[in-house]
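Whatever order the structure lists ligands and atoms in, that order sets their numbers, starting from 1.
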Amino acid sequence: MKKSLLLYSLMAILLNLSCSPEKPEVAIEAHRPAFHFSPPAKWMNDPNGMVYYEGEYHLFYQYYPDSTVWGPMHWGHAVSTDLVHWEHLPIALYPDEQGWIFSGSAVIDHNNTSGLGSPEQPPMVAIYTYHNAPREKEGYDDFQTQGIAYSLDKGRTWTKYPGNPVLPNPGIRDFRDPKVRWYAPAQKWIMALAVQDHIAFYSSPNLIEWGHESDFGQELGAHGGVWECPDLFPLAHPSEAGQKWVLLVSINPGGPNGGSATQYFIGDFDGTSFTPDQPLSTRWIDFGRDNYAGVTWSNAPETDGRTLFMGWMSNWQYAQVVPTDNWRSAMTLPRQLQLLPSAEGISLAASPAAELTALRQQTRDIPAQTLGGTLQLVEPGSPSGTLLELELELELPENPGTVIHIRRSNALGEQYTLSFDTANNGWFSDRRQAGKTDFSTEFATATSFAPRNILDNKLSLRLFFDVASVELFADGGLSNLSEIFFPREDFTGLTLEISGDPVVITRGAVHTLGQ
Ligand code: FRU
């Protein structure tokens with residue numbers, strides 16, 4: 001602690017020395033996340049074009065640099081070598097005469113199938129939706145088409161393909177968000193595209209000429225809103241040799257707790273069509289209200305083997321009115337996706353990317369104990385009490401009727417509460433008293449519920465608190481919930497409160513987190 005204080009003062013002196021007196025000090029912005037990605041300024045929504053290349057994770061994103069509300073879309077850009085610390089780069093793609101640049105993906109064309117680079121210098125190719133706003137205004141239905149652009153310098157500069165659009169519109173209003181991957185067995189590219197109420201699959205030998213393969217989902221899954229931002233990828237089967245394919249589909253509105261959310265299907269893909277396994281219910285990658293339009297990184301190194309995901313940590317119900325001044329929105333933490341056995345057969349689990357342990361600063365173990373009543377985990381007012389990770393392993397009592405509350409608080413009496421209720425076998429997230437809520441009537445109307453997906457009496461969780469968000473990863477990532485909140489003063493207190501029968505804590509730790 002002393003060491004870091006000393007370092008801090010040294011840094012402050014150095015910073016002061018290097019600041020010219022005319023330059024105003026950078027104000028600490030209310031609600032600005034510390035360890036989540038957020039844009040330097042102005043409006044951001046979906047993550048786009050996430051691709052790994054030569055040691056860098058690229059994150060492009062829906063960006064409107066002229067306002068803090070949605071408008072003519074660009075692709076903003078950042079890179080990271082560790083998925084935790086991000087370097088902002090100049091805007092990658094600007095709107096042009098064909099339209100605004102909506103969501104899409106990026107791939108490394110290693111075999112130079114497109115001819116846009118060379119085998120020695122494979123192009124990074126972005127595949128995105130052109131949204132032609134004037135054409136939409138004029139009453140046409142074909143205002144969304146797919147275009148491509150390429151970069152030969154690690155994503156720093158981009159050239160739009162002169163033959164755009166590569167996939168014209170057949171006369172359908174919602175025709176967007178291409179996610180492309182290389183399908184090695186047939187040596188072709190596969191595109192998953194959101195088309196109103198279903199996903200269309202297209203294929204191409206070269207990222208330029210595209211042919212329709214199949215359609216999926218008109219009669220399946222949740223249809224409370226338009227389908228957007230699909231992603232199709234394989235994952236290892238949890239108990240047998242081989243793999244299953246997962247299809248992510250974001251829908252807005254129609255999420256399990258209102259507004260925007262992302263459902264998924266597990267099944268098989270044969271290079272032409274996706275055949276889902278029989279689901280027991282609609283499946284959600286995250287039950288919280290603030291994880292939308294998430295997709296996975298392309299071209300992650302094979303030696304790594306992970307499938308990494310990131311979502312937009314907001315909800316179209318209120319994203320444009322949240323009380324931040326200079327920018328709007330953050331991304332979720334990066335997550336590793338895996339298939340795990342569950343009460344509903346195999347399920348998709350998302351757990352925090354391993355790199356996030358680098359954020360840990362000080363760790364205090366929670367001694368094993370049987371707990372009834374309240375345990376103060378972090379004192380209110382604690383200077384390092386805002387950025388936290390909580391790990392807990394518990395044994396639940398046999399009788400239903402016990403509720404475990406994990407509560408954050410500040411000196412103003414505001415609080416955020418995450419509760420596990422044994423009677424419902426699930427989690428309730430309550431941000432109704434967590435600070436500013438009156439900017440939208442939809443923001444804090446009710447608690448959000450995330451059901452558990454296993455029947456075990458052992459419960460484990462990892463919980464991340466940033467300045468303005470909570471992310472719950474329970475039971476190895478089988479039950480997840482991501483939500484944002486806006487306290488007038490940072491939360492510092494953290495308590496664990498048991499009502500009902502005592503609960504056995506078998507292991508636990510509180511980690512203070514840095515940036
Ligand atoms: C999802 C979405 C996409 C679209 C983009 C526009 O949040 O509506 O379907 O491409 O945002 O910004």
Side-chain angles (χ1 to χ4, degrees), residues 39 42-50 59-77 91-95 98-106 126-133 135-136 142-149 165 167 169 172-180 191-200 217 222-231 247-255 258-263 285-286 289-295 309-322 327-332 482 484:
K42 308 301 178 184
W43 171 264
M44 175 181 83
N45 56 290
D46 314 357
N48 293 151
M50 293 190 291
L59 169 61
F60 302 88
Y61 52 88
Q62 287 287 278
Y63 189 44
Y64 184 31
D66 296 334
S67 173
T68 50
V69 294
W70 189 85
M73 286 289 115
H74 301 51
W75 274 25
H77 190 197
I91 290 173
L93 295 175
Y94 285 79
Q98 299 205 38
W100 303 347
I101 316 292
F102 270 21
S103 287
S105 48
I127 309 98
Y128 56 86
T129 298
Y130 270 122
H131 177 91
N132 190 324
R135 230 180 136 69
E136 180 186 21
D142 60 357
F143 51 86
Q144 293 185 341
T145 58
Q146 317 316 316
I148 64 174
L167 180 55
N169 187 305
I172 304 173
R173 290 179 65 81
D174 297 291
F175 190 73
R176 59 175 177 269
D177 307 340
K179 181 73 164 74
V180 172
M191 176 196 292
L193 192 73
V195 185
Q196 246 159 28
D197 58 355
H198 66 274
I199 302 305
H223 281 277
V226 67
W227 282 24
E228 298 184 316
C229 299
D231 192 3
L247 178 64
L248 304 183
V249 178
S250 284
I251 83 165
N252 177 54
S260 321
T262 301
Q263 60 182 324
I285 196 167
D286 191 314
R289 294 179 65 193
D290 298 298
N291 180 354
Y292 191 61
V295 290
F309 166 98
M310 190 181 255
W312 174 46
M313 200 159 48
S314 198
N315 189 313
W316 282 115
Q317 282 186 321
Y318 44 73
Q320 302 195 71
V321 293
V322 295
W327 89 100
R328 279 214 171 91
S329 306
M331 297 300 179
T332 67
S482 308
I484 54 176

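- Between the side chains of S260 and N315, at least one donor-acceptor pair of N or O atoms lies under 3.5 Å.
- Between the side chain of Q320 and the backbone N or O of W70, at least one donor-acceptor pair lies under 3.5 Å.
- Side-chain contact annotation: T145 with N169, donor-acceptor N/O pair under 3.5 Å absent.
- Residues W75 and N48 bring a donor and an acceptor atom of their side chains to less than 3.5 Å of each other.
- For ligand 1, residues of the protein lying within 4.0 angstrom by heavy-atom distance are N45, D46, Q62, W70, M73, F102, S103, R176, D177, E228, Y292, W316.
- Across D177, V180, L167, a single residue satisfies side-chain contact (heavy atoms from CB on, under 4.5 Å) together with L193, and that is L167.
- Among R176, Q144, Q146, the one residue that satisfies the side-chain hydrogen bond (donor to acceptor under 3.5 Å, both in side chains) test with T129 is Q146.
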